[in-house]
**Student:** 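Let me begin by handing over the structure; questions about it come next.
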Amino acid sequence: MHSVRTGWRRCRGAARLAACIAAGLAAPAAHAEEPVDLLFQRGLHFEAADGDAERAIATYSRIVQRGKTSGSLAARALHRMGVCHEKRGEPAAAGECAARLRRDCADLLPLFPAMKRFAERHRAEPGGQPDPAKKLAGIVIPEFVLNRATVPSAVQALQQLSVRHDADSPPESRGVTIVLNVAGIRSQELPALTLKLQNVSVLEALKRIAEMSGLKFRAGLEHVTVVHRDASFEPIIRRIFPVKPVVGEAVMAMMCNMGAEGGRDGKGPVGLCDCKSFFLNMGVAFPKGSSAFYDTAKHWLIVENEERHLAELKEVWEETLEAAEEQAVSALRARLETCRIPAERFLDADIRQVLARLRDAAAGADPDGKGVALVFGPRKAEVAPLTLDLAAGTLLEAIEAVTEEAGLRYKILPGSVRVGGTNTALGPVVTRVFPLESKVAEAIERSVAAGGEPPGGPPADARDYTAYFRAVGVPFPAGTSARLDPSTNLLVVANEKENFAAVEDVLGKLETATRARKGTEPGGPRVFRVLPSVARRLAAEAAAAGVVIAVQGPEGDLVHDYTPFFRALDDAFPEQGRVGLQPAAGKLVVSNLRERNRVVLRRVLKELQYDKDLRRKMQRLRVPAMEFRQAGIGEVVAFLVAASREQDPLKQGVNIILNLPETHAARLAGLSMNVRNMSLLDGVNYVAEVTGLTCRLDQNAVVITARNPE
């Protein structure tokens with residue numbers, strides 16, 4: 001069965017790359033009928049990559065002028081126009097865009113959370129805080145004259161005049177405070193200003209100063225901040241992403257092929273590869289003062305960027321690492337297929353001795369003398385002595401012959417080949433979470449009950465279905481598991497990566513069987529009820545993938561066409577298949593789809609029920625205090641779950657799953673800690689660090705497990 005999660009990620013990565021190339025190569029429109037999706041991509045490029053808000057506004061305005069012909073793209077362009085006006089210090093224009101969104105696009109606001117927040121942010125609230133933009137526009141200065149004045153003196157003069165001519169505010173809050181933050185800019189880089197303005201607002205005067213000086217400003221509730229045009233209003237955060245040395249070379253090759261410089265060729269700092277251009281090409285914004293370097297000695301990716309851009313960068317980085325690991329495995333397989341060793345004879349030899357002789361033979365055949373790392377595990381495993389004659393051939397043929405004779409299996413990993421028993425996990429064990437429909441969970445329970453419970457019976461709080469999946473043919477080596485949380489219907493699977501496709505295949509067949517019992521005619525029209533939150537996430541995912549949502553039908557009967565989005569996710573999506581959303585009725589209508597396609601669609605919808613960017617949500621939620629004395633790990637995790645729900649405005653919280661054997665959890669008793677006011681993300685990481693565990697953020701939950709010896 002097609003892996004939805006992997007296919008989704010690769011689809012989005014390819015879409016991001018294609019959109020970036022299209023934006024970089026796009027030329028100015030030759031005629032008025034240029035496709036609006038290309039216009040929108042160009043506007044995003046001007047805004048995010050070039051930092052040219054003026055050209056972005058001009059591009060977005062062309063989409064808005066086309067109106068309903070571009071559907072939801074017109075609303076999104078209007079939203080981006082407003083954001084650009086904010087960046088240029090034009091709150092009045094931004095407020096006008098927000099008003100138009102509330103008036104003309106009210107039905108689309110629930111589908112785009114960022115657009116909705118922008119529209120609400122500029123809504124005037126009676127009795128609330130004074131609008132800084134209105135105050136800037138409301139203070140009128142009779143005459144403002146500068147004669148070869150420096151930028152600091154011009155800003156200071158404007159601030160003093162704002163206090164003098166502010167007649168509508170109380171004496172203690174008259175005028176505006178203007179903070180000039182141009183650290184790192186030499187004084188000679190700022191021009192001397194000469195201008196004469198009459199009957200001008202503080203807003204217009206400040207705008208003229210910014211335009212003449214290459215600056216920008218933003219109005220807050222307490223003061224106005226003025227910075228360089230390329231600078232950031234947000235703090236720059238430093239993050240370090242470690243890389244396995246065995247995939248470091250593949251990572252370097254990929255980044256250098258897409259614009260990274262330095263490191264080995266001496267263009268950048270010694271030992272560092274400047275890979276900011278690589279991430280820019282992949283659509284990640286880098287404001288002034290941000291950077292991205294790859295340390296070729298320590299194999300670290302060192303990033304300094306705004307917090308809002310780090311989430312997108314992390315996603316790109318994970319895609320890059322996955323591709324680099326695949327390249328490293330392919331390169332090692334090629335070496336195994338080309339490395340030829342002489343004939344060998346073994347008589348009652350231990351498996352470790354056999355592998356050692358193969359390593360020596362490979363090192364002798366390798367011109368560099370490095371050979372290939374052959375690892376046998378686990379260490380305590382016992383294998384009967386081997387007696388066999390190996391003919392001369394490739395190293396891969398020798399490994400296959402030895403493992404077949406010994407009843408073992410092998411796996412090619414980045415940098416090594418691991419040999420072990422058929423019930424041994426040879427690669428890293430990864431934990432993933434699958435949200436199940438209640439009927440699918442019931443079907444698994446019926447099968448388990450019919451075949452008898454696993455040894456020891458399922459725990460009361462997490463039912464162990466490992467034996468069930470083994471019985472239906474899914475490999476679950478020692479140390480892996482499949483547990484169902486009955487309170488949330490989340491199936492937590494810890495297994496090797498290559499086995500998840502088999503898990504998805506079993507779940508897909510169970511879903512198909514439950515649907516078939518309802519007598520649904522294959523290929524006939526189907527209607528799925530969609531929650532508003534799912535509709536919003538679907539719109540966001542389609543937009544992030546670069547898929548334009550076409551709007552069809554008259555007003556009041558709005559239909560969003562998501563057919564291109566699902567066609568990109570499903571390799572077997574039929575040509576005549578259609579997927580349309582009616583947001584007003586909360587219905588997703590599909591037609592001409594086979595049951596296999598509907599399984600993919602249902603799984604995507606289930607995953608969209610959960611917050612995709614779980615890391616950002618956990619950074620937003622705060623834990624006021626964590627005070628424990630002699631507590632168990634289960635008690636601490638339960639507290640974090642309850643705290644996340646209490647702090648979440650939607651009261652949904654975050655699913656935190658403790659995936660540990662009972663014996664291991666029992667050893668983690670007597671925990672004492674006293675920390676205060678940290679984010680939920682930092683709290684979970686702190687607990688994992690104290691207990692020697694590790695946590696992984698899945699799309700649907702946080703999974704805390706034992707540290708992987710790999």
**Student:** Closest heavy-atom contact between L390 and A401?
**Tutor:**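 The answer is CD2-CB, 3.7 Å.
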**Student:** How far apart are the closest heavy atoms of L395 and I341, and which atoms are they?
**Tutor:**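 Here L395 and I341 meet closest at CD1-CD1, 4.2 Å.
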**Student:** Applying side-chain contact (heavy atoms from CB on, under 4.5 Å), run through D274 and L272 and close with a yes or a no.
**Tutor:** CA-CA 6 Å; D274 186 355; L272 294 180; over 6 Å; no
**Student:** Check the pair E498, K411 against side-chain contact (heavy atoms from CB on, under 4.5 Å), reporting the backbone distance first and the verdict last.
**Tutor:** CA-CA 11 Å; E498 61 269 20; K411 184 173 184 179; 2.8 Å; yes
**Student:** Excluding sequence neighbours, so at least two apart, what forms side-chain contact (heavy atoms from CB on, under 4.5 Å) with Q327?
**Tutor:** A250, M254
**Student:** How long is the span from the CD1 atom in I412 to the CG atom in L426, to the nearest 0.5 Å?
**Tutor:**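 I412 atom CD1 to L426 atom CG measures 11.5 Å (nearest 0.5 Å).
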**Student:** Is it the case that the side chain of S416 and the backbone of L374 share a donor-acceptor pair, with hydrogens and angles ignored and the cut-off at 3.5 Å?
**Tutor:**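 It does not hold such a pair.
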**Student:** What distance separates R470 CZ from F476 CZ, expressed to the nearest 0.5 Å?
**Tutor:**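 Atom-to-atom, R470:CZ and F476:CZ are 8.0 Å apart.
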**Student:** Give a yes or no on whether the backbone of S481 and the side-chain of D464 come within a donor-acceptor separation of less than 3.5 Å.
**Tutor:** no
**Student:** Do the non-hydrogen side-chain atoms of T403 and R409 ever get within less than 4.5 Å of each other?
**Tutor:** no
**Student:** Side chains of T563 and F573: closer than 4.5 Å at any heavy-atom pair?
**Tutor:** yes
**Student:** What pair of heavy atoms forms the shortest contact from V354 to A349, and how long is it?
**Tutor:** CG2-CB, 3.8 Å
**Student:** Testing the basics here: between L671 and G632, what is the closest heavy-atom pair and its distance to 0.1 Å?
**Tutor:** CD1-C, 4.3 Å
**Student:** K298: which residues meet the side-chain contact (heavy atoms from CB on, under 4.5 Å) condition with it, sequence neighbours left out?
**Tutor:** D295, W300
**Student:** Would you say N685's side chain and L681's backbone share a donor-acceptor pair under 3.5 angstrom?
**Tutor:** yes
**Student:** Donor-acceptor pairs under 3.5 angstrom involving side-chain atoms of residues 328-336: please list them, not counting sequence neighbours.
**Tutor:**
unit_1	atom_1	unit_2	atom_2	d
S330	OG	E326	O	2.9
R335	NH2	D366	OD2	3.3
R335	NH2	G371	O	2.5

**Student:** Within the structure provided, determine whether F376 and V383 are in side-chain contact (heavy-atom separation under 4.5 Å).
**Tutor:**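 Side-chain contact under 4.5 Å: yes.
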**Student:** Under the rule for side-chain contact (heavy atoms from CB on, under 4.5 Å), what residues qualify as partners of L321, not counting sequence neighbours?
**Tutor:** V243, V251, W317
**Student:** What distance do L408 atom CG and T422 atom OG1 have between them, rounded to the nearest 0.5 Å?
**Tutor:**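 Rounded to the nearest 0.5 Å, the CG-OG1 separation comes to 8.0 Å.
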**Student:** Write down the atom of V284, the atom of H309, and the distance for their closest heavy-atom approach.
**Tutor:** CG1-O, 4.0 Å
**Student:** Identify, with sequence neighbours excluded, every residue that meets side-chain contact (heavy atoms from CB on, under 4.5 Å) alongside E397.
**Tutor:**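 side-chain contact (heavy atoms from CB on, under 4.5 Å) list for E397, sorted by chain: T394.
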**Student:** Using a 4.5 Å cut-off on heavy atoms from C-beta on, say whether the side chain of V474 contacts that of Y468.
**Tutor:** no
**Student:** Any side-chain heavy atom of F434 sitting closer than 4.5 Å to one from E504?
**Tutor:** yes
**Student:** Mind jotting down which residue pairs meet the salt bridge (Lys or Arg N to Asp or Glu O under 4.0 Å) criterion with at least one end in residues 355-364? Sequence neighbours excluded, please.
**Tutor:**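 Sorted pair list: E344-R357.
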**Student:** Answer yes or no: is there a side-chain heavy-atom contact under 4.5 Å between C339 and V372?
**Tutor:**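 Sidechains of V372 and C339: no contact.
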**Student:** Measuring from I633:CD1 to T691:OG1, what's the distance to the nearest 0.5 Å?
**Tutor:**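 Result: 4.5 Å between the selected atoms.
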**Student:** Rounded to the nearest 0.5 Å, how far apart are NZ of K276 and CG of N305?
**Tutor:**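 Going from the NZ atom of K276 to the CG atom of N305 covers 9.0 Å.
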**Student:** Could you give the distance from CD1 (I657) to OG1 (T431), rounded to the nearest 0.5 Å?
**Tutor:**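 Output value for this atom pair is 9.5 Å.
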**Student:** Report yes if the side chains of P477 and V429 come closer than 4.5 Å at any heavy-atom pair, otherwise no.
**Tutor:**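 The answer is no; the side chains never approach within 4.5 Å.
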**Student:** Considering residues, nucleotides and ligands other than E337, do more than 12 of their heavy atoms fall under 6.0 Å from its CD?
**Tutor:** yes
**Student:** When you compare the side chain of L658 with that of I656, does any pair of heavy atoms fall below 4.5 Å?
**Tutor:** no
